Each structure stands twice: as C-alpha cells, then as structure tokens.
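Following: one structure in structure tokens, then a few remarks.
Owing to the predicted nature of the structure, the values given are computational and were not obtained by experimental measurement. Numbered from 1 within each chain, the chains take letters A, B, ... in sequence-line order.
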Amino acid sequence: MLDIKEIRNNLESVTARLKSRGTDAAKGLEELMALDEGRRVLLTEVEALKAKRNTVSEEVGRLKKEKADADATEKLIEEMQGVGAEIKAIDKKLAECEDKLLEIMLTIPNLPHESVPVGLSEEDNRVERTIGKKPDFAFTPKEHTDIGEALGILDFDRASKLAGARFSLLKGSGARLERALINFMLDVHINDHGYTEILPPFMVKSECFVGTGQLPKFKDDQFKIDGIDSYLIPTAEVPVTNIHREEILDELPIKYTAYTPCFRKEAGSYGKDVKGLIRLHQFNKVELVKFTTPEDSYEELEALTANAEEILKRLGLHYRVVTLCTGDIGFSSAKTYDLEVWLPGQDTFREISSCSNFEDFQARRAAIRYRPDDSGGGSKKPVLVHTINGSGLAVGRTLVAILENFQQADGSVTVPEVLRPYMGGLEKIEKP
RNA sequence: GGAGAGGUGGCCGAGCGGUUGAAGGCAGCUGCCUGCUAAGCAGUUGUAGGGGUUAAACUCUACCGGGGGUUCGAAUCCCCCCCUCUCCGCCA
C-alpha cells in the first residue's frame, strides 16, 4: 500500500510513476483523492461532536454527583441524545468512506524505483550480467521430462492420476535429489549467509495475504481452504513476512530462510509451460526474506540476490541476472531481479528466482515497523521497515536445470559435487 | 468435539458505569545525590488518525483480544466472534 499523504502531496509524479507500469495502474486515483478529502471533512466534523459530548458527559456526571439542578441535567442529557444520534450517522458515513478508500488503496500497485527500466513487457527487461557459459553437448540435449521419465525418477502420468494436471511425482533418486537440493540450499543460507531458518504453516489466514499483497487483488490465483478464512501459501513470503505483522522491531536487519511447498492456481496461464516441472500447482521453494531499514534496503537487495546466485554458482549452473522493467515487475514490488537459469533441453533461459525490494509497501499493509536508533537522546517514532525477498531457489526448477545441464550421452545424469554428501555419495543417476 | 478459566500499557497486575490513557510493581529514560560493590530521591516513558506549525509547541479523536449493542457517559453491562490455558475425548 502506498502512503496516502504521499499521493495527496505528489499526485502528479505518483500518477506518472504508476502509469509507467501500464495502462490501468493509476486507475482510481481521482476517486481516491475525492474520498480522502471527504474523509477528512467528516472526521473533523464528528470529532468536534465527540469532543463536545465528552465534555458535557463529564459535566453530567459532576452534576449528578452534586445532586444539582435536576432539570438542567435532564436538559443536557436530552441534548446529548441528539448529538449521539448525529455522531452515529456521521460515523456510519465515515466508515463507508474509509472502507471504500482502503479498498482502492489495496488495489494500487507499488511505485517502481527510479533505477527500474521503463518498459511495457519482458522485452524491455535489462540483462545485468551473465554468469558461466552454455555447456557443450556432443549430442542433442533432451528436455528434463524425457530424461526423468527414462530414468524412472519422474512420473507425470501417475501424478495426474493422483492429483490431476500440473502436479509432479518424484521417485527414487529424483525424490532424493529434490530433498538434497532443499537441504543444500538451506544449509548454505543458514551457515554461510547468516539467515535463520523458519518452518512456517503452509496455510495461513487471509489477513496475511492482504499483508503481503496477494489479496484482495489476486484472489483467483490462490487456493482457498473451504470453511475457514485461510489459504494455501503460494510462497513462503506470505507466512514469513507476516511473522512480524503488527510489531515494532528493535534490531535490523532480520534475515529468514524457509523451505515450503508452494500452491498456485496458475489461473490465466493455461496453455503455457504445460510440460514437466516448470509450472505446477504445487512446487517446493526455499525462500529468503529480509526486514531492513529504508536506508539499507537496496544494498540488502543486492546482497540477497547474491545469496541466491551463490546457489547457482555452487551447482555450476549457467545463468543471467535480469532487472524487470516497469511493465513486468510484480504488484507489490518496487524493484525486481530475476535469475534465469540456462536450460539446454529447452534451449532457453528460464526464471528460477525472483528477488524484490518491496520498500514499505508490504510493511504499511502489515504494520511492520522498527524504532530507529537515536544517537541523540529522546525516543524516536516507529518507522515502517522495508521488506525484501527472493527465491533461493525454486527447487523443482533447479532439479530441471540439473537434469538438463548434467545429462550424459547414455541418459544418465551427473550429480553436482556439492550435492553428493546429501545423496549418500551418489555421483551419477542412472537407470535402475 | 465436550466442560471450565481467562485475554488490560514493554512485562506483571488492579480496576467491574463518571477527573482511568488507565492504580501499584518491574523494566526503560532524564535529573539530583552518594563513592563502594550499587542504593536512595524526584520527574518521565504507548500507538494511530485529524487540526495546527517552516519544524516544533499545542490541541482534538480513537484504542483495555476483535466486532456490534445499551447509556448523556463503558476497560467496566448485554450479544456474537477469535485466541490462550486446564481437564476429558481423539490422535502423528
């Protein structure tokens, strides 16, 4: 959520920055400003009445105690009955106004950071750097689906028998490889990057989804739990960011990492990426989440992105870092780097991590603040934190990258060295 | 799922219709004092939103789990919901 005061005071530049995201992004701003103005008028009015009532009620109390003029007291009470009715009526209008105001506020996306390239689609994204190079193959590299099914470690037919389309079933060394990746990623982030591990609930209340920005606007992408006010998490970002909802934090930065499965309806993506492990209703992810001061957040975004990249480096995977343009960044994000891994079987770079700075957009929704250190003296007011998160990494897609990049002519797959300790020393996945 | 108890400020804990934003204690901060293993004294300390100011000062409103209601007036009374704890049941 944006700061209503900032919108009010800089309407023109806010509008322009929102429009750089695309056509609809600045929609509703005029109505918003009208509601904001109306709200303050009503507030002033009703608060004056409440102040009057408070004063008079005190007076009534005193008069009754002193057993003073009963008629005069009765008159005051009668008068206040009228005031009370008035207050009630205005309060109702005010509540409606505020509901509408919030409704609009919750659907306005974040302002892109000034360093974000302006553009309409992924065509305009900016490649920042490319690490490693494409592996050479003496044969035509296969896609992960063919490799995995031939090795007996991936079984899409049975997955769909169990759960329908867009689910996966891993078996044997495939299942173990997935588990090895999760542990490897967590260990690197915990031991070498200083993150604290979190294992959160996989279904959380709707207010958490509002906090991080998935609701109300992206309701159709979420799996709702029948009968209660909860949803399956689409990313660990939701529960982990909301850990500190409505809190005032002392020490920043806070760095969390969490493995969770992620559940997404992938509404609107029908026909895209239908094959294999790329786009599923359920997949595993290791997430990185940071709470930082506003001053440090962009530095911390670079660091978090580097932490995610480190996984790719240690696995020996070829990838590039892309800055998403204004038209391509997510709703809540001010700036996003995508890590795209090279998939030789598909002959393309494919997103495997998305690292974003949300600035105070989520913090305002979720009321996550900190108390700035004051070198001076007296206590300072709480300030909204900045939140940052990124995949470190998407596990299923990492498994895809390993199968496709380390496949051999004979159909086997070499296990990256760093994973071998997690695979009981296994060096190669072969047909059983 | 059944029965009971309870949710008050950073923490503990009073209050059960009228100077209570909230006693008392702890913790924190600011002074003063003292030199002996840290004590004493005084003051002070929440959050959000309006108005106001260059910025402050100042001022108003709201907040005692959440939402409604009664009342001139509610932390205090009534209704609904949520959460925690204890016992029983069930279970990994």
Pairing partner (Watson-Crick or G-U wobble, both distances under 3.5 angstrom) of [N]:
| N | result |
| --- | --- |
| B:U34 | none |
| B:A3 | B:U86 |
| B:G73 | none |
| B:U19 | none |
| B:C29 | B:G43 |
| B:U53 | none |

Testing the 3.5 Å rule here: is there a donor-acceptor pair between the side chains of [X] and [Y]?
| X | Y | result |
| --- | --- | --- |
| A:Asp250 | A:Tyr370 | no |
| A:Thr293 | A:Asp296 | yes |
| A:Gln362 | A:Thr387 | yes |

Identify whether any heavy atom of [X] sits under 4.0 Å from a base atom; if not, whether one sits that close to sugar-phosphate; answer base, sugar-phosphate or nothing.
| X | value |
| --- | --- |
| A:Lys88 | sugar-phosphate |
| A:Arg8 | sugar-phosphate |
| A:Leu43 | sugar-phosphate |
| A:Val56 | nothing |

* To do: Measure from the side-chain N and O atoms of A:Lys217 to the backbone N and O of A:Phe331, and report whether any donor-acceptor pair falls under 3.5 Å.
  => no

What integer number of Å spans the [atom1] atoms of [N] and [M]?
| N | M | atom1 | value |
| --- | --- | --- | --- |
| B:C87 | B:A75 | C1' | 30 Å |
| B:C90 | B:C82 | C1' | 23 Å |
| B:C63 | B:U44 | P | 25 Å |
| B:G6 | B:G18 | C1' | 27 Å |
| B:G24 | B:A14 | C1' | 7 Å |
| B:A22 | B:G9 | P | 15 Å |
| B:G4 | B:C80 | P | 14 Å |
| B:A38 | B:G28 | P | 15 Å |

Nearest-angstrom distance from the residue atom [atom1] of [X] to [atom2] of [N]:
| X | N | atom1 | atom2 | value |
| --- | --- | --- | --- | --- |
| A:Met1 | B:A48 | CE | P | 13 Å |
| A:Lys65 | B:C72 | NZ | C1' | 16 Å |
| A:Leu101 | B:G49 | CG | P | 13 Å |
| A:Asp229 | B:G67 | CG | P | 15 Å |
| A:Leu42 | B:A62 | CG | P | 16 Å |
| A:Gln81 | B:G73 | CD | P | 8 Å |
| A:Glu247 | B:A48 | CD | C1' | 17 Å |
| A:Asp91 | B:G68 | CG | P | 10 Å |

Does a side-chain N or O of [X] approach OP1 or OP2 of [N] to a distance below 4.0 Å, or not?
| X | N | result |
| --- | --- | --- |
| A:Arg39 | B:G51 | no |
| A:Arg369 | B:A48 | yes |
| A:Lys381 | B:U47 | yes |
| A:Asn54 | B:U61 | yes |
| A:Arg53 | B:G73 | yes |
| A:Arg371 | B:C29 | no |

* Could you tell me whether A:Arg314 and A:Asp192 have a side-chain N and a carboxylate O separated by less than 4.0 Å? => yes

* To do: For A:Glu302, look at atom CD and say whether over 12 heavy atoms of other residues, nucleotides or ligands are found less than 6.0 Å away.
  => yes

* Decide if atom CZ of A:Arg40 counts as having more than 12 heavy atoms of other residues, nucleotides or ligands within a radius under 6.0 Å. => yes

* To do: By nearest nucleotide on RNA chain B, pick out whichever of A:Val46 and A:Asp36 is the more 5' one.
  => A:Asp36

* Start at the 5' end of RNA chain B and walk down; is the nucleotide closest to A:Ile77 or to A:Lys205 reached first? -> A:Ile77

* Asked: So, does the side chain of A:Glu47 form a donor-acceptor pair with the base of B:G49 at under 3.5 Å?
  -> yes

* What's the verdict on side chain to side chain donor-acceptor pair (under 3.5 Å) for A:Tyr422 and A:Asp187, showing C-alpha distance, side-chain angles and the deciding distance? -> CA-CA 11 Å; A:Tyr422 294 92; A:Asp187 284 351; 2.6 Å; yes

* Structure fact -> From the candidates B:A62, B:G51, B:G18, the one with an atom nearest any side-chain atom of A:Lys50 is B:A62

* Residue A:Pro382, side-chain atoms from C-beta onward, closest of B:A48, B:U61, B:C72 -> B:A48

